[in-house]
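Here the structure is laid out as structure tokens; the discussion comes afterwards.
We name chains A, B, ... by the order of the sequence lines, and we start the count at 1 in each one.
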Number of protein chains: 2
Amino acid sequence: MPIPTNFLSPTRVSAKGRAFSQIQEWIIDGTLQPKEKLNDADLAQALGVSRTPIREALQLLNVQGFVEMFPGVGTQVTSVNKEDVSKILPPLGVLQALAAEHATPLISQDTIDTLREINTEFAQSIKKGDFYSALKQDEQFHNIIVENAQNSYITNSISNLQAHVLRLYFHQSIILTDDSIEEHEAILKAFENSDSETAARIARKNWLRAIDEFYAEQKDRDEK
Amino acid sequence: MPIPTNFLSPTRVSAKGRAFSQIQEWIIDGTLQPKEKLNDADLAQALGVSRTPIREALQLLNVQGFVEMFPGVGTQVTSVNKEDVSKILPPLGVLQALAAEHATPLISQDTIDTLREINTEFAQSIKKGDFYSALKQDEQFHNIIVENAQNSYITNSISNLQAHVLRLYFHQSIILTDDSIEEHEAILKAFENSDSETAARIARKNWLRAIDEFYAEQKDRDEK
DNA sequence: AAACATTTGTCCGTATGTATA
DNA sequence: ATATACATACGGACAAATGTT
């Protein structure tokens with residue numbers, strides 16, 4: 001799911017694992033549309049495996065909030081409400097803020113330099129209008145901070161929310177602006193000053209701002 | 001009588017559901033010890049079902065962080081490090097604080113009254129030394145606040161962490177003190193004053209304090 | 001080094017339950 | 001209301017992978 005920096009080892013990946021990754025990808029990028037019915041027999045044939053690994057993959061996607069299961073009735077992709085940006089980003093914001101706070105005394109100057117490079121690439125992607133690359137670089141930036149907080153409970157909570165953010169991006173609910181560029185730099189400055197309180201405050205603001213931008217964009221569309 | 005929040009109708013509970021609940025309970029209360037090997041065939045026989053629902057339940061417990069699975073090798077209960085209190089409570093604290101913040105403008109006086117009753121029962125349990133009841137009442141108190149925040153992403157993130165807190169209680173890593181009683185009341189006052197900032201601040205402090213208490217207790221034990 | 005024992009991973013058949021005509 | 005069609009839930013057997021003797 002997160003796959004931040006390292007590739008998955010090319011060791012025997014299970015049929016369940018392949019099914020999970022593939023179906024999740026299809027749901028996130030919209031190949032499988034919200035409310036679409038998921039027939040495990042069909043998916044099994046499509047992926048060339050039996051129904052068992054499909055069933056197991058769907059159950060994991062269920063707890064992750066990507067599919068709904070109605071016992072004895074059917075399984076379907078969960079719906080996407082664009083307004084969910086305002087529901088996902090607050091918890092993601094406070095968790096990212098906490099991660100920044102905890103990472104402050106642990107992060108090395110080397111890592112900060114790496115983050116600065118990623119932020120430069122992020123800025124270039126934004127300028128070029130390559131928002132998908134920008135989103136992935138933004139995610140990478142924050143994931144490195146999260147890793148440095150060295151707290152698996154924070155990491156796990158965040159990675160789940162992040163997958164939903166990616167899905168919202170594909171459904172045109174997440175807008176990226178260049179405000180993030182200088183906020184990222186401000187976080188790095190706070191790290192260098194060992195100012196965990198400032199790092200946390202800006203990190204949270206960095207995520208919450210996207211809510212306002214979404215509604216501003218919506219208003220903009222409505223007026224046309 | 002206070003609302004017994006949500007008792008799901010005991011309709012048609014699947015074998016998988018029963019297996020999941022039972023195994024989770026065994027892990028939380030220590031019946032299944034950390035690092036203990038989990039043989040799905042044995043569990044299947046013990047619960048009178050086939051391996052399939054056991055396997056599915058174990059996979060859910062895996063993503064929840066209660067069991068570790070080593071493909072082709074074995075499945076075991078995750079280890080429990082007492083120091084994990086200091087890893088779980090910070091994210092739980094910020095999420096509970098966020099829930100309190102969001103609940104503030106939504107919560108009714110009726111609900112606040114109910115919370116006050118629960119806090120009274122909580123206080124009585126503490127005084128009697130009935131810490132398990134106290135823990136459940138504390139959980140109920142906070143869960144009602146979480147519900148009122150009306151944000152499923154917050155709810156889901158919290159419920160997972162909460163299950164681990166319960167497990168830590170059984171492993172003597174969570175200590176309850178009567179400081180919580182007045183903090184709870186302070187949160188209720190903040191609700192009545194529509195002061196979301198104060199509600200959030202105290203809610204977070206309420207959870208973080210348990211870390212200090214754990215280490216104070218540890219130090220106390222070491223000195224003996 | 002090779003065969004073995006154990007455990008997980010996968011397949012597929014069948015029973016059960018739900019919705020619809 | 002009954003029957004029918006369909007999807008899921010579960011069971012049991014086989015195959016694959018791993019660690020060991």
Using whole Å, what does the distance between atom [atom2] of nucleotide [N] and atom [atom1] of [X] come to?
| X | N | atom1 | atom2 | answer |
| --- | --- | --- | --- | --- |
| Met69(A) | dG17(C) | CE | P | 18 Å |
| Glu56(B) | dT8(C) | CD | P | 15 Å |
| Lys16(A) | dA15(D) | NZ | C1' | 17 Å |
| Phe70(B) | dG9(C) | CZ | P | 12 Å |
| Glu36(A) | dA7(D) | CD | P | 14 Å |
| Leu47(A) | dC11(C) | CG | P | 11 Å |
| Leu58(B) | dT10(C) | CG | P | 15 Å |
| Gln59(B) | dC10(D) | CD | P | 14 Å |

Between [options], spot the one nearest the side chain of [X], thanks.
| X | options | value |
| --- | --- | --- |
| Val49(A) | dC11(C), dG11(D), dC10(D) | dC11(C) |
| Asp40(B) | dA9(D), dT8(C), dG11(D) | dT8(C) |
| Arg55(B) | dT7(C), dG9(C), dA9(D) | dG9(C) |
| Thr75(B) | dT8(D), dC11(C), dT8(C) | dT8(C) |
| Asn39(B) | dA9(D), dT10(C), dT7(C) | dT7(C) |

Got more than 12 heavy atoms from elsewhere within 6.0 Å of CD, Gln45(A)?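 No, the 6.0 Å shell around CD holds no more than 12 heavy atoms from other groups.
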
Got a list of protein N/O to nucleotides 19-21 of chain D N/O distances below 3.5 Å?
none

Using a cut-off of strictly less than 4.0 Å, decide whether Ser50(A) has a side-chain nitrogen or oxygen near OP1 or OP2 of dC11(C).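 It does, given that an N or O in the side chain of Ser50(A) lies less than 4.0 Å from OP1 or OP2 of dC11(C).
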
So does Arg51(B) get a side-chain nitrogen or oxygen closer than 4.0 Å to the phosphate oxygens (OP1/OP2) of dG12(D)?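 The answer is no; no side-chain N or O of Arg51(B) sits under 4.0 Å from OP1 or OP2.
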
Does Pro71(A) or Ala15(A) map to a spot on DNA chain C nearer the 5' end, using the closest nucleotide for each?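 Nearest-nucleotide comparison on DNA chain C picks Ala15(A).
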
Between the side chains of [X] and [Y], does any donor sit under 3.5 Å from an acceptor?
| X | Y | value |
| --- | --- | --- |
| Arg167(B) | Ser173(B) | no |
| Glu68(B) | Thr75(B) | no |
| His102(A) | Asn148(A) | no |
| Gln109(B) | Asp113(B) | yes |

Quiz item: Ser14(A) side-chain donor-acceptor pair to dG9(C) base, under 3.5 Å: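 For Ser14(A), whose side chain was compared with the base of dG9(C), there is no donor-acceptor pair (under 3.5 Å).
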
Does this structure show an ion pair linking Lys87(A) with Glu83(A), if we count only N-O contacts that are shorter than 4.0 Å?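 Salt bridge absent between Lys87(A) and Glu83(A).
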
Between Glu56(A) and Lys16(B) (salt bridge meaning N to carboxylate O under 4.0 Å), is one present in this structure?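 No, Glu56(A) and Lys16(B) are not salt-bridged.
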
Output all residues satisfying salt bridge (charged side-chain N to carboxylate O under 4.0 Å, His left out) with Asp40(B), sequence neighbours left out; order by chain, then residue number.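 For Asp40(B), the residues satisfying salt bridge (charged side-chain N to carboxylate O under 4.0 Å, His left out) (neighbours in sequence not counted) are Arg51(B).
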
So Leu38(A), base contact, sugar-phosphate only, or nothing? Heavy-atom distance under 4.0 Å.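 Sugar-phosphate, no base atom in range.
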
State which residue, out of Leu135(A), Thr114(A), Leu115(A), Ile118(A), fulfils the side chain to side chain contact (heavy atoms under 4.5 Å, CB included) condition with Gln140(A).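 Considering Leu135(A), Thr114(A), Leu115(A), Ile118(A), a side chain to side chain contact (heavy atoms under 4.5 Å, CB included) with Gln140(A) is found only for Ile118(A).
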
Do the ring planes of Tyr153(A) and His164(B) sit parallel (below 30°), tilted (30 to 60°) or perpendicular (above 60°)?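 Perpendicular: the ring planes of Tyr153(A) and His164(B) meet at over 60°.
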
Degree of bending in the helix from dA2(C)-dT21(D) to dA21(C)-dT2(D) once both end axes are built from five pairs, to 10°: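 End axes: 0° apart.
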
